[in-house]
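The next block holds one structure in the form of structure tokens; read it before the comments.
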Amino acid sequence: MKPPGLTTNQRIARAWALLAVLGLLLWLTQHARGAESEVTVSIAPRFRGEPLVFDQLRCTNTAGQALTVTRLDMLLSGVAVRRANGSWLEKHHWYAFISAREGRTNFVLRGLPAGDYDRLRFNIGVPTEQNHASPAQWDAAHPLNPQVNGLHWNWQGGYVFLALEGKWALPPRFAGEREGFGGERVNPLSTGLAETGLSHPSPALGGSAGVQPAGTGTPPNRRLDTGAPQAGFSWHLATDRQLMTVDVPVTLAVSSAPATVRLDFDLATVFGELTLDRDTLSTHSREGDELADWLRGNVERAFAVSRAGGLQPPLVGRGVPAAPPNDSGSRVAGGGVGTPRPTNIIGTPYRFTYAAHFPKPALPLDNPLTVEGVELGRRLFNDPLLSRGEKQSCASCHQMDGGTVDAGKAFSLGVDGLEGKRNAMPLYNLAWKSEFFWDGRAKSLRQQALMPIQDELEMHETLPNVVAKLKAASAKTPPRSSRREEAPTSQSAIGNRQSAINQSLLTSADTSYGEMFARTFGTPEITAERVGLALEQFLITVTSFDSKFDRVLRGEAKFTVEEQRGFELFHTEFDPRRGQFGADCFHCHGGPLFQNVAFANNGLDREPKDLGRFLVTGRDGDKGKFSVPSLRNVELTAPYMHDGRHRTLEEAVFHYVRNVQRSDTLDPNLAKHPPGGVRIPPQDLHALVAFLKTLTDESLRPATRRAASAPSP
Ligand code: HEC
Ligand code: HEC
């Protein structure tokens, strides 16, 4: 039987019903989305209620000492809020990174059910399980990625939960003291904190005895510069024992409207009654360290909610032009991650490989690596067409077959024969950096790569000229004899790990630029932007992670006794109170990249001629700070420092032992040492150098020397 047909009215009624249901669904989804709550919690560092001013000696502790904070970083986990009925709601697998001086003061809680909450709780630190898991597992933007937070200790194991560093003014009467600074006031901690001479098991791979006191014992009797009498303190609260819990009352009504909670963190409570002196200027939370335990309690008490409610701008220290707050934790490496544009990958995906113990890098999403793009970048890198008068290529100053620097030169000569102002930097493992040049003025590699081309002390060319020359070159493929590529460098061992695949896919030397641009970008159009993108691709692929050190890590090689000693010195703090007499290098050159993502003043000059990072940020606290260089391959990158002032590695290391100059911006991790620097005897200096030489990647050694020197055992 055939069902009776619908009347027109019935059809209309059904259509309306359907529309109504659709409308309801749409409203429901939108409403649900709108109801998603968003609570921004901002941490406002203060000192006795006033906003904390970083970098300037504006705070006075109970002992009357003038002090300042230069770093306040912490890792947070396990956030929870308490409902009015007393039950807790905890966010699992939740982490945040706060870096107050850099303006990263917020975290955002999303998706809290509407309702009233009366307490807010979180941990400062990372629970045991994550603290001991491999940090290489975290995505590039994750708060626990060491590249994001700079708080991972690597070979020591685990994270630093809270890093509080700063400076304090030395009273003039201490200025001439032999150890630099003392202090006759009695500290709440002094009892039981006598120098124990305790030597802790070293964190070394070999796990041998701790680093013993240096043989010399008596430091040279140098006077401190009374014009800049500042010492440093560096407190690192870490280890499972020191996981801190902050639990504060709050009045929080969560609804669909965004809300803010401002948590004051009063550092006066953290400093408490403590007098800063030789015994209290450093802690690394080693077992039985009473200073760490004491600080921990103070930190937990130092938080209080000062405001909860409607949307308010986050507060950061007054007088400090802070970077825009960032709760997502994203770092931009290689640039462009913040503004990804949809890209259909053209060409053959390039397999970017790196050591398993490296953190995950932030590769630019809008410039995916392809074999073709990398090959084009390599060719451009080696092509003098990019310079005025076709006199030099990037490779002229970054010799890929020789440490990727301008061998032996403090300052390179540009096309006009003029000297540059800084020492050429090595170009490996750039995928893990997000700010380039000694002062970090380039925010991406694509941006960076176009700068030397236009720099009048370097390639001194205009971008329109470069584009015109590349177009002209691609119109006629030159005969082999007149080709401009620097053949030997373009075939360097590094950055060319895929060369076998590359060669089978394309033979760049016989291919015109037009074709190479078409294979990379889909059309043969040559633009400056594309030149930058291709160079970025090539630069990212230049990696270095195969050194004797890496083989020791994998259990495939063994350190000599001297190298082992150097390794231990490098990774052990200098903390006489605790009987630790290391060289303390890892604070800045730590982790598998042997560099932290930071700018620091390592005490080269009392009054720096080159203001470094200050030129970019304009912050007084950044004067004389430079990008912390990686110490991988440091054997091959002489001369050293931003101005190439040290000709040998021994000289560069000796700097830290005798020549550290005090100034307002000297890093607290060096300013906490006795005048001049770390006290280590001459044989230990050689041990440090021997260890640094285990960081050499043989593939970067110039071919001639590579052949002569067989890889060490
Ligand atoms: C005349 C020598 C010279 C030439 C040519 C040259 N560079 Fe450099 N390069 C330097 C110097 C010097 C620095 C450090 C400059 C500074 O910090 O102000 C540097 C820094 C860099 C850095 C920053 C690395 C880091 O870790 O931050 C990159 C990347 C780089 N160069 C790539 C290139 C590329 C790509 C080219 C070619 C387009 C090129 N360079 C051409 C001398 C040169
Ligand atoms: C406070 C941070 C800090 C500490 C601690 C530190 N360094 Fe450095 N190091 C730097 C900075 C920053 C530079 C670059 C300075 C410049 O050129 O102005 C540098 C440069 C170097 C260089 C030259 C590298 C090059 O390519 O030019 C060597 C070698 C070096 N450090 C070794 C060490 C050793 C060994 C130790 C331990 C005794 C150590 N550093 C401790 C921050 C630090």
Side-chain contact, heavy-atom cut-off 4.5 Å: Thr348 with Thr370? no
Sequence neighbours excluded, the answer for side chain to side chain donor-acceptor pair (under 3.5 Å) partners of Ser547 is Asp550
So do Cys397 and Gln392 actually touch side chain to side chain, heavy atoms under 4.5 Å? yes
Within a strict 4.5 Å, meaning less than it, do heavy atoms of the Ile540 and Leu363 side chains meet? yes
If you look at every heavy atom in Leu369 and Thr541, which pair is closest and at what distance? CD1-CG2, 4.1 Å
Heavy-atom side-chain contact between Cys588 and Asn602 under 4.5 Å: no
Output yes when a side-chain donor or acceptor of Asp622 lies under 3.5 Å from a complementary backbone atom of Gly618, and no otherwise. no
Cation-pi between Arg378 and Phe381: NZ/CZ under 6.0 Å from ring centre and within 45° of the ring axis? no
Identify the heavy atoms of Tyr513 and Leu470 that sit nearest to each other, and give their distance. CE1-CD2, 3.4 Å
Do you see a donor-acceptor pair shorter than 3.5 Å between the side chains of Tyr640 and Asn423? no
Under 3.5 Å donor-acceptor, Ser387 side chain and Lys391 backbone: yes
Without placing hydrogens or testing angles, list every side-chain donor-acceptor pair under 3.5 Å for residues 448-457, not counting sequence neighbours.
from, atom 1, to, atom 2, distance (Å)
Gln454, NE2, Leu450, O, 2.9
Asp455, OD1, Leu457, N, 2.8

Closest non-hydrogen atoms of Pro364 and Glu536, given as atom of the first, atom of the second and distance, are CG-OE2, 3.5 Å
Can you tell me how far the NE2 atom of His152 sits from the CH2 atom of Trp138, to the nearest 0.5 Å? 11.0 Å
Under the 3.5 angstrom rule, does the side chain of Thr617 hit a backbone N or O of Arg619 as a donor-acceptor pair? yes
Given the rule in the side-chain contact (heavy atoms from CB on, under 4.5 Å) test, do Lys548 and Glu563 qualify, once you have shown the distances and angles that lead to the verdict? CA-CA 11 Å; Lys548 176 171 179 180; Glu563 290 164 352; 2.8 Å; yes
Check for a donor-acceptor pair, side chain of Thr404 on one end and backbone N or O of Leu427 on the other, with a separation under 3.5 Å. yes
Minimal non-hydrogen separation, Thr637 against Tyr428, with atom names: CG2-OH, 4.1 Å
Taking the ring of Phe586 and the ring of Phe594, is the distance between their centroids below 6.0 Å? no
Within 45 degrees of the axis of the six-membered ring of Phe599 and under 6.0 Å from its centre: does Lys625 put its NZ or CZ there? no
Would you check if there is a donor-acceptor pair between the side chains of Ser630 and Asn429 at a distance under 3.5 Å? no
Is there a donor-acceptor pair under 3.5 Å between the side chain of Lys360 and the backbone N or O of Ala140? no
Side-chain donor or acceptor of Asn367 paired with backbone N/O of Leu533 under 3.5 Å: yes
Can the ring centroids of Tyr354 and Trp432 be said to lie less than 6.0 angstrom from one another? yes
Please work out whether the ring planes of Phe626 and His642 are parallel, tilted or perpendicular, with thresholds of 30° and 60°. parallel
How close do Glu461 and Leu386 get, counting heavy atoms only, and between which atoms? CB-O, 3.5 Å
How many angstroms lie between OG1 in Thr665 and CZ in Arg613, if you round to the nearest 0.5 Å? 13.5 Å
Asp416 and His460: side chain donor to acceptor below 3.5 Å: yes
Working to the nearest 0.5 Å, report the span between CG of Leu695 and NZ of Lys693. 12.0 Å
Polar side-chain atom of Glu650 near backbone of Val689 as donor-acceptor pair, under 3.5 Å: no
Within-4.5 Å side-chain heavy-atom neighbours: Pro361 and Phe352: yes
May I ask you to test the Leu413-Glu419 pair for a side-chain heavy-atom distance under 4.5 Å? yes
Does Arg519 pair with Glu515 as a salt bridge, N-O distance under 4.0 Å? yes
Evaluate the side-chain contact (heavy atoms from CB on, under 4.5 Å) criterion for residues Thr696 and Arg701: first the C-alpha distance (whole Å), next the side-chain angles of each, then the deciding distance (0.1 Å), finally the verdict. CA-CA 8 Å; Thr696 304; Arg701 213 185 268 286; 3.7 Å; yes
From CA spacing to verdict: side-chain contact (heavy atoms from CB on, under 4.5 Å), Trp438, Asp610: CA-CA 11 Å; Trp438 281 107; Asp610 185 339; over 6 Å; no
If you measure from the Lys or Arg side-chain nitrogens to the Asp or Glu carboxylate oxygens, is any gap between Asp697 and Arg632 under 4.0 Å? no
State whether the side chain of Arg446 and the backbone N or O of Glu529 hold a donor-acceptor pair below 3.5 Å, judged by distance alone. no
Kindly assign one of parallel, tilted or perpendicular to the pair Phe570 and His589, based on the angle between their ring planes and the thresholds 30° and 60°. tilted
Could you report the tightest heavy-atom contact between Pro426 and Leu430, atom names first, then the distance? O-CD2, 4.4 Å
Do side-chain atoms of Lys469 reach the backbone of Leu385 as a donor and acceptor pair under 3.5 angstrom? yes
Should Arg551 and Arg554 be marked as a side-chain contact (heavy atoms from CB on, under 4.5 Å) after you check the CA-CA gap, both sets of side-chain angles, and the distance that decides it? CA-CA 5 Å; Arg551 292 195 295 280; Arg554 293 196 300 265; 3.5 Å; yes
Any side-chain heavy atom of Phe691 within less than 4.5 Å of one from His571? yes
Quick one: do the Thr523 and Arg530 side chains pair a donor with an acceptor below 3.5 Å? yes
Heavy-atom side-chain contact between Tyr159 and Pro135 under 4.5 Å: yes
Applying salt bridge (charged side-chain N to carboxylate O under 4.0 Å, His left out) as the test, list every pair that has at least one member in residues 640-649; sequence neighbours left out. Asp605-Arg645, Asp643-Arg645, Arg647-Glu651
With a 3.5 Å cut-off and no angle check, do the side chains of Ser99 and Asp73 form a donor-acceptor pair? yes
Under the 3.5 angstrom rule, does the side chain of His142 hit a backbone N or O of Leu144 as a donor-acceptor pair? yes
